[in-house]
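First up is the structure itself, then whatever we jot down about it.
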Amino acid sequence: MPMRVKTRPQGHSDGGLRTPSPFGKHTRFAPALPEISVDDSFRVIVKKLSIFIADTVQLPSTFEQLRTTSAGEGLRVLVEHLGRDCTHPAIVNALLALKWHYGAMPEDKGLNEARANACEIVAWRFLTHLSEREAVDYCLYEIPPVTPPAPTSQAHPFTDEENGQVDENSALLAQAWSGTADSARAMLNQSGNQKRNLLLQSISRLTMSMAADGDEGDEDEDDDPTASFTNLNALEIAAIADAKRFLSQNVVQKIITGIWNGDIIFWDNLSANSIKKPRFYNPTTADPFSRLRVPKYLKSFEVLFFASFLFLYYAVLVERNPERITTLEVFLYIWFAAFTYDELSEWIDAGSIFYAADVWNIFDMAMMLIGLVFVVLRIVGLQTHSEYLVDLSFDILALEALFMVPRVCSILSLSPYWGTLIPCLKEMSKDFVKFMVLVVIIYIGFLTTFSLIGRATYPLTDMTWFLTKIFFGSSYVGFDIMHKIDPVFGPPLMIVFIMLSSILLMGSLTGMLSNSFSRVITHAREEYLYVYSVYVLEASTSNRLTHFYPPFNILALIIFRPLRLFLPSDDRFRNARIMLLKATHLPIVAAIQSYEWIRGSDLKGTQYNGFRGPRRGAAGTFASPGYARSLTRPHVRTRPSTSSLPGDSMRQTAIPEMTRVAARQARAATEAAEEEAFGDPASDVEVRIADLATKIDRLTELVLSMQGQQSKTLADISL
């Protein structure tokens, strides 16, 4: 028989409203949220965030667990707090610096990997709380120096080829020589693994000091552990930290694509007083020669340079004059010198961290090495009248095609299809090299045995080639010679070697490479976007004001480098470099302007129409960072108190909704006014969508007001 249960209405309870449970959210330990103010320095932000991350993530967790399960609840709270109360522009920089710090720590790998993933998750989730244009400001914000240098009449906010780390007034030959040595030493100290270790030690010192002393004010201001991150933006730190998931996010890729297309630029004019700052490109005010720094055009003219390089290469090999250096060969030497100097400048600007991340730079280094050997052997052979050295030099030059032809086709790596295959081939090559170690060990063992057993029949060189043919599939060779090696031990040993090499080793190699491809292809998109992002960053974020395309960079080297030994590097010297740049690159700029005119880019007004959000000055300018966020931040519905009346509860729920509707209408009105002011007419579809959204907002507002009136009436009746 079913049991009937009679329930009593809660509203007529003698005890009134139910008392909240004592086991609420406040009983669970929650770390104190970091209070970050706009005036905090970068090291203070890193310290506060590291304390919260260390207290929140105390158990090893995977990236997906932190992203989808309750293990990442503290991270969601931190993201909401940062999106609601923090407006410091270096928040993303600090999170990515911590990501790299935790990911590089060797001890307690599982826990530190979880904390590194937590920092990356917070970084890209924080960007989702911003408008796209505000995300540009945060991602391209460069960490300023702690104590800016005293302004002088000769100080400039950029570095140039003629500048090292020496005083710009050093015009004497001895001072220039000393400055060149010091500059080279400083460059080497700031490149490659030394730079990476320096950055890692900086964050390690800061996070280790927080355990010993919680007061950041006690640290020595003159010994800032985060000084190595000066002038790095968030995207550069993400590339150094291998934050591939962060770089693959849509909002970040939209920024990188904007840099690639030239919608976001770092130099808007070429003058002695130019300042490097991220900004949106405006064709009406920007210098046309600033388009030379756009990565898309850099890559296009790089392909043209390599195509002409390849033409000269084939012409010299076809001509092959053994007696003298021809005109075509002179041009080939000029192209070699320009290519080498451009690669050296790129390595100095980007450092080996960025330089080695691009797989095509390995081809470049091989081309430079082969070209250097060819030039040396060619000159020595002509001077000594040695036909052997001359022929050998051309044979070595023939090896250049192995790297130059793929280098010309490197433009294909920027497409998603080919760019996705390159990381797979790279990882499969690593696994192949590891597996070949086992193959070589087994091969040397059988080679030793067969060479000693059949020493009377086959020498070592012949036996080496026999076993090599057998390993690569010519099994019949082993059956033909096994009786000649030794009638007793030859046949069984050869059968074992054939089965081992042709069946076991080759089958294992095929299966291993197949598994490697399947494993890597799942993350190939992230790998491709990472390589693409690194290329865009190293091509656009250089501090060099004047960048000469090869082979014009040889002119700058020949003309200005000797003069640097005697003349001071003042404004006149820089203006001379700028004049040479404009004189030599005028046809290139004309071609770029013609392309943009045909494409219609110069008729769109400002070139940041694809980034949604209020236009408040240039990118990287935090004039009023809270304004845009107040219009775009999603409002959270407040939970009503248990001691409130039903009418009050509905009113508390309706107020944030009405605020959200009003904010949306204000944002739509602001964007519409901006579109009209900047000459960006909306399409018919956009107008209809905006009209429909306005009607929906009005209907929602009407329904909320009716619900509020109804709940107020019910509350009065209940009272």
Side-chain angles (χ1 to χ4, degrees), residues 317-318 320 322 362-363 365-367 369-374 376-378 380-381 384-406 424-520:
L317 284 180
V318 171
R320 198 181 178 97
I362 301 177
F363 286 70
M365 290 186 289
M367 290 172 57
L369 179 61
I370 294 175
L372 178 62
V373 175
F374 161 72
V376 172
L377 291 179
R378 174 70 166 158
V380 173
T384 58
H385 304 284
S386 174
E387 295 182 0
Y388 171 76
L389 290 180
V390 172
D391 292 337
L392 180 61
S393 65
F394 281 107
D395 293 340
I396 292 177
L397 182 62
L399 301 176
E400 195 84 46
L402 297 175
F403 303 96
M404 186 177 296
V405 175
C424 297
L425 296 176
K426 183 179 178 181
E427 294 300 322
M428 291 171 63
S429 300
K430 293 180 180 179
D431 292 339
F432 176 78
V433 171
K434 295 177 183 178
F435 186 82
M436 290 305 295
V437 174
L438 175 63
V439 173
V440 169
I441 293 174
I442 297 176
Y443 179 85
I444 292 176
F446 277 94
L447 177 62
T448 303
T449 301
F450 284 126
S451 299
L452 294 177
I453 293 177
R455 61 185 178 276
T457 307
Y458 298 107
L460 178 62
T461 55
D462 293 343
M463 187 61 65
T464 301
W465 283 112
F466 287 150
L467 296 186
T468 303
K469 292 179 181 180
I470 294 171
F471 177 78
F472 284 102
S474 300
S475 302
Y476 65 92
V477 176
F479 292 110
D480 292 340
I481 65 173
M482 62 182 182
H483 293 284
K484 298 179 182 179
I485 295 176
D486 188 86
V488 179
F489 296 102
L493 289 176
M494 185 59 69
I495 292 176
V496 172
F497 179 73
I498 292 175
M499 290 191 300
L500 188 63
S501 60
S502 301
I503 299 177
L504 181 61
L505 292 180
M506 296 303 295
S508 300
L509 178 61
T510 304
M512 186 191 68
L513 294 181
S514 177
N515 292 334
S516 301
F517 181 83
S518 301
R519 183 182 68 252
V520 176

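- Relative orientation of the Phe446 and Phe497 rings is tilted, given thresholds of 30° and 60° on the angle between their planes.
- In this structure, Phe394 places its CZ atom where more than 12 heavy-atom neighbours from other residues, nucleotides or ligands lie under 6.0 Å away.
- Separating the CZ atom in Phe403 from the CD atom in Glu400 is a distance of 8.5 Å, to the nearest 0.5 Å.
- Two rings, from Tyr443 and Phe471, have their centers 6.0 Å or more apart.
- Contact record, Ser451 with Met463: OG-CG, 3.8 Å, taken as the closest heavy-atom pair.
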Checklist entry - Between Thr457 and Ile485, does a side-chain contact (heavy atoms from CB on, under 4.5 Å) hold up when you go through it step by step? => result CA-CA 7 Å; Thr457 307; Ile485 295 176; over 6 Å; no
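- In this structure the side chain of Arg519 reaches within 4.5 angstrom of the side chain of Asp431, judged on heavy atoms.
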Checklist entry - Could you go step by step and tell me if Leu402 and Ile370 meet the side-chain contact (heavy atoms from CB on, under 4.5 Å) rule? => result CA-CA 11 Å; Leu402 297 175; Ile370 294 175; over 6 Å; no
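- Between Asp395 and Arg320 there is a salt bridge, since a side-chain N of the basic residue sits under 4.0 Å from a carboxylate O of the acidic one.
- A donor-acceptor pair is defined here as one N or O able to donate and one able to accept, closer than 3.5 Å; such a pair exists between the side chain of Thr464 and the backbone of Leu460.
- When all heavy atoms are compared, the tightest approach of Leu467 to Leu447 is CD1-CA, 3.5 Å.
- Nearest heavy-atom pair across Pro491 and Asp486 is CD-O, 3.3 Å.
- In this structure, Asn515 CG and Met428 CE are separated by 10.5 Å, a value rounded to the nearest 0.5 Å.
- Summarising the geometry of Arg378 relative to Pro322, their closest heavy-atom pair is NH1-CA, 4.0 Å, with the distance given to 0.1 Å.
- With rounding to the nearest 0.5 angstrom, the CD1 atom of Ile396 is 4.5 Å from the CG atom of Leu377.
- When all heavy atoms of Ala401 and Pro406 are compared, the pair lying nearest together is O-CD, 3.8 Å.
- Here the CG atom belonging to Leu438 is positioned 9.5 Å from the CE atom belonging to Met436, to the nearest 0.5 angstrom.
- Of all heavy-atom pairs between Phe435 and Leu505, the closest is CZ-O, 3.5 Å.
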Item to check | Intermediate values then yes/no, side-chain contact (heavy atoms from CB on, under 4.5 Å), Val380 and Ser386 | outcome: CA-CA 8 Å; Val380 173; Ser386 174; over 6 Å; no
Checklist entry - Met494 and Ile498: side-chain contact (heavy atoms from CB on, under 4.5 Å), yes or no, with the steps? => result CA-CA 6 Å; Met494 185 59 69; Ile498 292 175; 3.9 Å; yes
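- Rounded to the nearest 0.5 Å, atoms CZ (Phe450) and CE (Met482) are 10.5 Å apart.
- Looking at Ser393, its side chain does come within 3.5 Å of a backbone N or O of Val390 through a donor-acceptor pair.
- Separating the CG atom in Leu500 from the CD1 atom in Ile495 is a distance of 13.5 Å, to the nearest 0.5 Å.
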